[in-house]
Structure formats: C-alpha cells, structure tokens
Amino acid sequence: MTLYFSHDECLSHLTPYGHPERSDRLRAIAWALSDEAFADLDQRDAPLGEDAEILRCHPPAYLDRIAGAVPVSGRRQLDADTTLSQGSLKAARRGVGGCVAAVDAVLSGEAVNAFVGCRPPGHHAERKTAMGFCLFGNAAIAAKRALDHHGLDRVAVVDFDVHHGNGTQDLLWDERRAMFASTHQMPLYPGTGAASERGAHGQIVNVPLAPGSGGAEMRAAYDEHVLPALRAFAPELIVISAGFDAAADDPLAELQWETADFTSVTRALCGVAREVCEGRVVSTLEGGYDLSSLGAGVAAHLAVLMEEAR
Ligand SMILES: [Zn+2]
C-alpha cells in the first residue's frame with residue numbers, strides 16, 4: 001500500500017502575491033490526483049507534528065523564535081524569500097507530522113511507501129535558520145525519527161529538487177547513521193552543494209548538474225554516483241526530498257527534466273529500496289513552481305510508488 005499525507009491547513013500558509021511557493025501548488029497536485037488512476041490511493045490527513053519531533057533537528061530557541069514571529073494578521077518576512085502568515089506554523093507542523101506518520105506507517109509495515117504532500121517545503125531550513133521558503137527540515141526529521149525512535153542503524157535521504165538541500169545537509173552533516181545524496185543545478189540558489197562537501201563522515205554525496213542539462217545527465221548522475229553510494233550504504237529506509245522544479249518549464253531554474261524523468265528517477269530509487277530495504281520509501285514534497293509540471297511530476301512519482309507497493 002501507498003499512503004498519501006496532506007492537510008487543508010497547508011493551504012493557510014500565505015505568501016505574498018506573485019510568490020512562487022503558493023497554496024495553488026497543492027491545488028494543482030489535488031487536481032492531478034483526482035484522476036481515476038489514483039482512486040485507490042489511501043489519502044490521509046497529516047497530523048500536527050509535535051515539538052519533540054521538530055526538536056530532533058532544531059534547537060528549542062529556534063522553534064520559540066518561529067512560533068513567536070507568527071503574525072496575528074498579515075505577513076512577516078523572515079528573509080527576502082521566506083514568509084510567515086497566521087497559518088504558517090500549523091501548516092509547517094502538518095509537514096513534520098506527515099513525515100513522522102509516514103515513517104511510522106512504513107516502518108510498522110502498514111504501508112510499503114508513503115508521500116507527504118504538504119507545504120511549506122523543508123530542505124533549505126538549517127538548524128537555526130529558516131530560509132528558501134522553508135521552516136522545518138522535514139526530510140531530516142523523518143530520518144531522525146527512523147533512527148532515534150525506531151532504532152534503525154542506517155537511513156538515506158535522497159534529494160532530487162533542483163536546488164541543493166543545504167538544510168538537510170546541515171541537519172545531517174555529522175550524523176554518521178544518515179547518508180544524504182543530492183542532485184541539483186549549480187550554480188543556483190542557495191550556492192552550496194559542491195561535490196567536495198562530503199559530511200563529517202564522508203556520508204554526503206553532492207552531484208551538481210549544469211544549467212540546461214536534462215534527463216540524460218540526470219540518469220548519468222544517478223547511475224555513476226548516487227545509486228552506487230546508496231547500494232554501498234544499504235539504508236534500512238530511503239527518504240526522498242521530492243522537488244519538481246528541475247522540470248523544463250519551472251520558472252526558478254534551468255534544468256530540462258520531462259515528466260518521464262521524474263518517473264525514471266523514482267523507479268531508480270525504488271529499485272534500490274527493493275534491493276536493500278524491502279522497498280521502504282518515505283517521500284516528501286519540496287519545490288516545483290510550474291503548476292502543470294508540478295501536478296504531472298507528483299502524479300508520475302506517485303504512480304511509481306503505487307506500482308512498487310502492489
Ligand atoms: Zn527547489
């Protein structure tokens with residue numbers, strides 16, 4: 001079985017008019033999933049993530065600062081890109097809670113895999129810094145939940161968002177039980193993600209991709225770097241930071257992935273999951289700002305997850 005976690009409160013994180021990270025992203029995904037191909041998808045409300053889950057990756061002072069900065073009305077900018085509105089904290093907690101519930105369901109054997117379709121995204125949030133539209137490091141929190149609550153020895157996070165997951169890298173930098181692999185356009189925001197950034201235990205794999213490159217270059221990056229490192233690490237769970245902004249039509253970047261490329265990268269990761277961890281995958285939504293590419297990309301990604309879980 002494949003589980004899908006989201007929540008209507010994720011629509012209440014309001015960003016300024018014209019901001020790419022907007023509520024319509026989740027409406028575009030809901031529309032794509034209204035296709036009868038997804039009639040069997042088990043869709044559940046993401047629970048609110050508790051403080052203790054956020055504190056697996058962020059210090060208490062950071063959580064207090066975010067909670068204290070939530071405005072009663074209107075918006076507050078945390079930086080040039082990252083906004084809080086009245087509903088932002090609850091929305092971000094749904095993302096954390098969805099990831100925790102997804103990990104619990106997959107590790108208990110209730111589901112083979114799960115996708116968390118919440119916003120704001122998470123992979124740019126560093127230990128003490130909200131940035132790049134992100135408040136809490138959902139993917140790293142999922143990894144820590146699996147390690148510290150469920151007692152796994154090895155978890156991998158693979159990030160195919162077009163931007164480098166600097167936040168996940170920061171949160172897992174000195175965690176030898178967690179491998180982090182990222183493919184991303186370089187140069188591009190946030191500027192990190194050079195191949196020389198390897199983590200405190202050599203457990204981080206960064207594979208920068210050139211602007212203008214497409215599916216062939218992506219497959220080479222996975223075949224030559226990411227998949228062999230994943231197999232060697234042999235994780236007991238694979239967490240995916242699933243961003244769909246490497247799509248050709250995305251307004252924030254210049255990679256040229258087609259919908260079929262999201263199918264292909266998902267198949268490749270699920271294939272390794274089948275080899276090393278009985279197919280266990282938890283995937284969480286990161287970026288993707290062209291609404292039609294986003295809907296198609298998430299549908300393609302979920303179609304593979306559902307096929308793998310049959
Ligand atoms: Zn992105």
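We count ligands from 1, going down the list as the structure has it; atoms in each ligand are counted the same way. The chain is numbered in sequence order, starting from 1.
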Donor-acceptor pairs are to be reported for all side-chain atoms of residues 238-247 against protein atoms at under 3.5 Å, with residues two or more places apart or in another chain.
unit_1: Ser241; atom_1: OG; unit_2: Glu286; atom_2: OE2; d: 2.6
unit_1: Asp245; atom_1: OD1; unit_2: Val162; atom_2: N; d: 2.9
unit_1: Asp245; atom_1: OD2; unit_2: His163; atom_2: ND1; d: 3.1

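In this model, no donor atom of one side chain and acceptor atom of the other lie less than 3.5 Å apart for Ser264 and Asp261.
Shortest non-hydrogen contact noted between Met131 and Pro190 is CE-CB, 3.9 Å.
When hydrophobic side chains of Ile, Leu, Val, Met, Phe, Trp and Tyr are connected at separations under 4.5 Å, Leu171 ends up as a singleton with no cluster partners.
For the Zn ion (ligand 1), the nearest N, O or S atom contributed by Asp245 is named OD2. For Asp161, the N/O/S atom at the shortest distance from the Zn ion (ligand 1) is named OD1. The minimum distance between the Zn ion (ligand 1) and any N, O or S atom of His163 involves atom ND1.
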